[in-house]
There are 2 protein chains.
Amino acid sequence: MSREGVVAVALRVMREEGLERVTMRRLAAELDTGPASLYVYVRNTAELHGAMLDELVAELDQPAVQQGEDWREQLIRLLCSCTELLFAYPSLARSVLVLRPSGPHYLRLIDTILGLLLAGDVPIRQAAWGVDMLLQQAISMAAEQGSRDEAADAEGEERALAVAVIEAPSGTYPNIAHVRDEILSGDHEQRMRWCFATIIDGLCATR
Amino acid sequence: MSREGVVAVALRVMREEGLERVTMRRLAAELDTGPASLYVYVRNTAELHGAMLDELVAELDQPAVQQGEDWREQLIRLLCSCTELLFAYPSLARSVLVLRPSGPHYLRLIDTILGLLLAGDVPIRQAAWGVDMLLQQAISMAAEQGSRDEAADAEGEERALAVAVIEAPSGTYPNIAHVRDEILSGDHEQRMRWCFATIIDGLCATR
DNA sequence: ACCTGAACACCGTTCAAGT
DNA sequence: ACCTGAACACCGTTCAAGT
């Protein structure tokens with residue numbers, strides 16, 4: 001057994017049954033040992049999740065940054081693929097939102113995004129703070145959008161906001177009523193691209 | 001006993017001992033009954049958290065929107081106060097990130113933010129999508145920043161990214177090395193304001 | 001020295017049975 | 001009809017005791 005082995009089993013169980021089933025006890029059973037043994041390789045559940053994310057990020061293919069290329073489109077594409085990668089595992093996204101990942105593959109991702117921003121002549125300070133914001137946006141978008149099957153009962157619940165918006169009385173919430181048609185428009189893909197584009201625009205804006 | 005009563009007790013326990021202690025069993029004990037009784041008033045834990053957030057948002061004082069006022073500064077201030085409100089309860093922020101809140105006070109907040117954006121002549125579509133993005137940013141910033149005491153052991157862990165960034169070898173991660181000084185600069189307040197300002201800039205940018 | 005069984009101290013949710 | 005005790009099916013983490 002090794003740390004890598006534990007993480008590999010954890011990823012397999014997550015892919016097959018979701019993060020909810022990735023418990024220390026389940027992993028221990030899978031590895032034919034007691035739960036205490038895992039604490040030799042990982043400090044706690046949060047650290048395990050971090051290691052899992054890093055392994056997932058390794059699968060991402062990151063563009064080689066070239067000055068003058070269409071850095072904007074490349075950056076948006078990279079961020080979309082990050083979000084989509086995590087989309088299948090919203091609970092993992094939720095988990096890594098709190099314990100910020102810091103594995104080697106995640107650092108590589110930060111480095112690539114920074115490279116793209118700098119290639120686009122975004123000022124250093126804006127780029128440095130922006131990379132954080134862009135990744136946080138990617139992770140929280142994935143965390144928010146629950147995958148369809150992970151929480152079967154969520155169907156009724158998760159659209160509670162949508163229902164509330166549609167039914168919002170225009171007397172009490174005039175502005176919501178005013179933008180009602182737009183607020184729920186667009187599919188997930190469109191909104192995702194739009195969010196990243198908006199932040200990038202903000203980073204480029206001279207203030 | 002009533003739904004309001006349950007939520008009120010839940011808020012008290014959260015304020016005194018943190019969301020971690022707000023369990024169905026603990027709440028039931030507090031109300032001198034069995035845990036099953038709570039399910040008469042709330043569907044599940046997630047719904048309870050949603051109701052708690054709505055009550056918290058009610059405490060926020062929201063500006064009356066006036067055309068021509070400094071909508072930008074008002075909006076940033078409102079968003080900062082949202083973030084700060086949730087800052088004390090990062091676990092609640094994490095919870096509501098997935099089950100999007102839709103209570104009356106939260107709708108009021110959406111309406112106010114929309115009003116400010118529209119007062120600033122942000123196009124309807126941009127405003128409608130933007131309000132979502134701004135609130136998500138506020139909630140996830142709160143979720144990310146763990147309050148100091150809630151996870152006492154986090155001190156060593158939470159700055160893992162910071163340590164990794166500082167120690168990132170410039171050969172492997174040239175861009176991180178290049179912006180090293182900026183990436184960790186600024187305090188929480190500065191970065192929070194900067195994030196909101198950046199998104200608002202992006203929303204105003206004509207594309 | 002390294003590993004782990006068993007225990008500690010809990011969970012959310014359901015449902016049969018009581019009032 | 002409304003409410004709830006007790007049970008079901010689990011958790012993460014620790015530590016004393018074994019190899």
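In what follows, chains are A, B, ... by sequence order, proteins preceding strands, each numbered from 1.
Between the C1' atoms of D:dA6 and D:dC10, the separation comes to 16 Å (whole Å). Straight-line distance between the C1' atoms of C:dC3 and D:dT14: roughly 14 Å, to the nearest whole Å. Comparing the same atom, C1', in C:dC2 and in D:dC15 gives a spacing of 14 Å after rounding to whole Å.
For B:Pro35, the side-chain atoms get nearest to D:dA6 when compared with the rest of C:dG12, D:dA6, C:dC3. For A:Val40, counting side-chain heavy atoms from C-beta on, the closest listed nucleotide (C:dT14, C:dC3, D:dT14) is C:dC3.
Side-chain atoms of A:Arg180 come within 3.5 Å of backbone atoms of A:Val165 as a donor-acceptor pair (strictly under, hydrogens ignored). Side-chain atoms of A:Ser185 come within 3.5 Å of backbone N or O of A:Glu182 as a donor-acceptor pair. Remark: the backbone N or O of A:Thr33 is not paired with any side-chain donor or acceptor of A:Ser37 at under 3.5 angstrom.
For the pair A:Ala36 and A:Arg21, nearest-nucleotide mapping onto DNA chain D gives the more 5' position to A:Arg21.
For B:Thr45 and C:dT13, the shortest distance from a side-chain N or O to OP1 or OP2 is below 4.0 Å. Within the 4.0 Å cut-off from OP1 or OP2 of D:dT4, at least one side-chain nitrogen or oxygen of B:Ser37 is found. Look at B:Thr23 and you won't find any side-chain N or O under 4.0 angstrom from OP1 or OP2 of C:dC10.
For A:Asp32 and C:dT4, the CG to P distance is 11 Å, given to the nearest whole Å. Rounded to an integer number of Å, the gap from B:Arg25 CZ to D:dC11 P is 15 Å. Atom CD in B:Glu20 sits about 15 Å away from atom C1' in D:dC11, given to the nearest Å. Summarising the geometry, the separation between CG on B:Asn44 and C1' on C:dC11 is reported as 15 Å, rounded to the nearest angstrom. Look at OH on A:Tyr39: it is 6 Å from P on D:dG12, rounded to the nearest Å. For the pair A:Met24 CE and D:dC11 P, the interatomic distance rounds to 12 Å; values are reported in whole Å. Taking atom CZ on A:Arg26 and atom P on D:dC11, their separation rounds to 9 Å, with Å as the unit. Atom-to-atom, CD of A:Glu47 to P of D:dT13 comes out at 11 Å; the value is rounded to the nearest Å.
Of the charged side-chain nitrogens involved, at least one lies within less than 4.0 Å of a carboxylate oxygen, so that B:Glu73 and B:Arg193 count as a salt-bridged pair. A salt bridge is defined here as a Lys NZ or Arg NE, NH1 or NH2 lying under 4.0 Å from an Asp or Glu carboxylate O, and A:Arg3 with A:Glu47 meets this definition.
With both pairing distances under 3.5 Å, C:dG18 is matched to D:dC2 as a Watson-Crick or G-U wobble pair. Using N1 to N3 plus N6-O4 or O6-N4 for Watson-Crick, or N1-O2 and O6-N3 for G-U wobble, each under 3.5 Å, C:dG12 pairs with D:dC8.
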